[in-house]
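Every heavy atom of this structure was used, including side-chain atoms; hydrogens, water molecules and symmetry mates were not. In this text the structure is predicted, and so the values were computed from the model without any measurement.
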Amino acid sequence: MTYRVCFVCTGNICRSPMAESVFRARVAEDGLDDRVEVDSAGTGGWHEGDGADPRTVSVLEEHGYDSAHTARQFQPSWFSRLDLVIALDHGHLKALRRLAPTPQDAEKVRLLRSFDPAADDDLDVPDPYYGGMDGFEECLEMVKAASEGLLAAVREDLKGRVA
């Protein structure tokens, strides 16, 4: 049975495609790419069909990550097939939990930085869209820092399914 993770930000062109790309690479490095499916979406549909922001693409490629992406909007019907819905900030967390059809689905929504043991009290990944390249680099560092903890949580969930 495939374990499914979807990263969600506002428009699905900056933070969530970056998180998707980084986490997909971590899953592959860990040899779990045959068991874990990684995806992303936005809370809104403003950029549906667009590629990732060119600055996201640039930062990903500069650090050796895949940048292929097409933006889309998160749909409440997806909850039934997803195991984890990873919000990039508290606004996304609240919006996604409101969309959740059941309390069990709402429990699937978690903040990305909650998986980073070194994260401070502010668990939001700031939106780099209106800033310069340094914001995209900062976003990448936050995503990478949380990815190991997220991967450990996914591994643990997968163990529970086999047992």
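Side chain of Glu48 to main chain of Ala71: no donor-acceptor pair is present (N/O by atom type, distance under 3.5 Å, no hydrogens or angles). Between the side chain of Ser21 and the backbone N or O of Met18 there is no donor-acceptor pair closer than 3.5 Å. For Ser147 (side chain) and Val143 (main-chain N/O), a donor-acceptor pair under 3.5 Å exists by modelled atom type. Of the possible donor and acceptor atoms, one in the side chain of Lys108 sits under 3.5 Å from a partner among the backbone N and O of Leu82. Counting only distance, with no hydrogens or angles, the side chain of Arg4 and the backbone of Val38 share no donor-acceptor pair below 3.5 Å. Although no hydrogens or angles enter the test, the distance criterion places a donor-acceptor pair under 3.5 Å between the side chain of Arg55 and the main chain of Gly131. His90 contributes no side-chain N or O that, together with a main-chain N or O of Asp124, makes up a donor-acceptor pair within less than 3.5 Å. A donor-acceptor contact shorter than 3.5 Å is absent between the side chain of Arg113 and the backbone of Ala119. Side-chain atoms of Arg26 never come within 3.5 Å of backbone atoms of Leu151 as a donor-acceptor pair (strictly under, hydrogens ignored).
Using a 4.5 Å cut-off between side-chain heavy atoms of Ile, Leu, Val, Met, Phe, Trp and Tyr, with links allowed through other members, Val109 and Tyr3 fall into different hydrophobic clusters. By the rule that hydrophobic residues join a cluster once side-chain heavy atoms approach within less than 4.5 Å of another member, Leu93 and Leu88 end up as members of separate clusters. Tyr130 and Ile13 fall within the same hydrophobic cluster, defined by Ile, Leu, Val, Met, Phe, Trp and Tyr side-chain heavy atoms under 4.5 Å apart, directly or through other members. Under the 4.5 Å side-chain heavy-atom criterion for grouping Ile, Leu, Val, Met, Phe, Trp and Tyr, Met133 is connected to Met142 within one hydrophobic cluster. Under the 4.5 Å side-chain heavy-atom criterion for Ile, Leu, Val, Met, Phe, Trp and Tyr, Val22 and Val36 are members of the same hydrophobic cluster.
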For this session: For side chain to side chain donor-acceptor pair (under 3.5 Å), just list the numbers for Glu37 and Thr2, CA-CA rounded to whole Å, side-chain angles, deciding distance to a tenth of an Å, and then say yes or no.
Result: CA-CA 7 Å; Glu37 182 180 292; Thr2 303; 5.6 Å; no
For this session: Given side chain to side chain contact (heavy atoms under 4.5 Å, CB included), test Phe7 with Leu84 step by step and report yes or no.
Result: CA-CA 8 Å; Phe7 294 93; Leu84 275 176; over 6 Å; no
Exercise. Can Val8 and Ser16 be said to form a side chain to side chain contact (heavy atoms under 4.5 Å, CB included), step by step?
Worked result: CA-CA 5 Å; Val8 182; Ser16 59; 5.5 Å; no
For this session: Apply side chain to side chain contact (heavy atoms under 4.5 Å, CB included) to Tyr65 and Val59, showing your working.
Result: CA-CA 9 Å; Tyr65 295 102; Val59 167; over 6 Å; no
Exercise. What do the steps show when you test Gln73 against His47 for side chain to side chain donor-acceptor pair (under 3.5 Å), and what is the final call?
Worked result: CA-CA 8 Å; Gln73 185 174 2; His47 299 286; over 6 Å; no
For this session: Take Arg110 and Val85 through the test side chain to side chain contact (heavy atoms under 4.5 Å, CB included) and record every step on the way to the result.
Result: CA-CA 6 Å; Arg110 303 272 308 275; Val85 180; over 6 Å; no
For this session: Test Tyr129 against Phe136 for ring pair (Phe, Tyr, Trp, His ring centres under 6.0 Å), laying out the working first.
Result: CA-CA 8 Å; Tyr129 185 77; Phe136 287 83; 7.9 Å; no
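For Phe79 and Phe74, the distance between ring centers is under 6.0 angstrom.
Ser77 and Ser80 get closest at one heavy-atom pair: O-OG, 3.1 Å. Closest approach of Asp116 to Ala145, counting heavy atoms only: OD2-CB, 3.3 Å. Residues Glu61 and Ser67 share a closest heavy-atom pair of OE2-OG, 2.7 Å. Heavy-atom minimum distance, Cys139 versus Val125: SG-CG1, 3.7 Å. Among all heavy-atom pairs drawn from Ala87 and His92, the shortest one is CB-CB, 3.8 Å. Listed here is the closest heavy atom pair of Trp78 and Ala41: CZ3-CB, 3.5 Å.
Counting only N and O atoms by type, the side chains of His69 and Asn12 include a donor and acceptor under 3.5 Å apart.
Taking 4.5 Å as the limit, every side-chain heavy atom of Arg97 sits out of range of all side-chain heavy atoms of Glu107. Asp134 is not listed as a side-chain neighbour of Glu138, based on a closest heavy-atom distance of 4.5 Å or more. Counting heavy atoms from C-beta on, the side chains of Leu60 and Asp66 never come closer than 4.5 Å. Side-chain atoms of Leu32 and Arg155, non-hydrogen and from C-beta on, do get closer than 4.5 Å to each other.
Between Arg161 and Asp83 there is a salt bridge, with a side-chain nitrogen of the basic residue lying less than 4.0 Å from a carboxylate oxygen of the acidic one. Salt-bridge annotation for Arg15 and Asp89: present, with a side-chain N of the basic residue lying under 4.0 Å from a carboxylate O of the acidic one.
Atom CG of Asp30 and atom CG of Leu158 lie 10.0 Å apart (nearest 0.5 Å). Separating the SG atom in Cys14 from the CG atom in Asp53 is a distance of 4.0 Å, to the nearest 0.5 Å. With rounding to the nearest 0.5 Å, the separation of NE2 in His63 from CG in Leu140 is 5.0 Å. Atom-to-atom distance recorded for Ile86:CD1 and Leu150:CG is 5.0 Å, nearest 0.5 angstrom.
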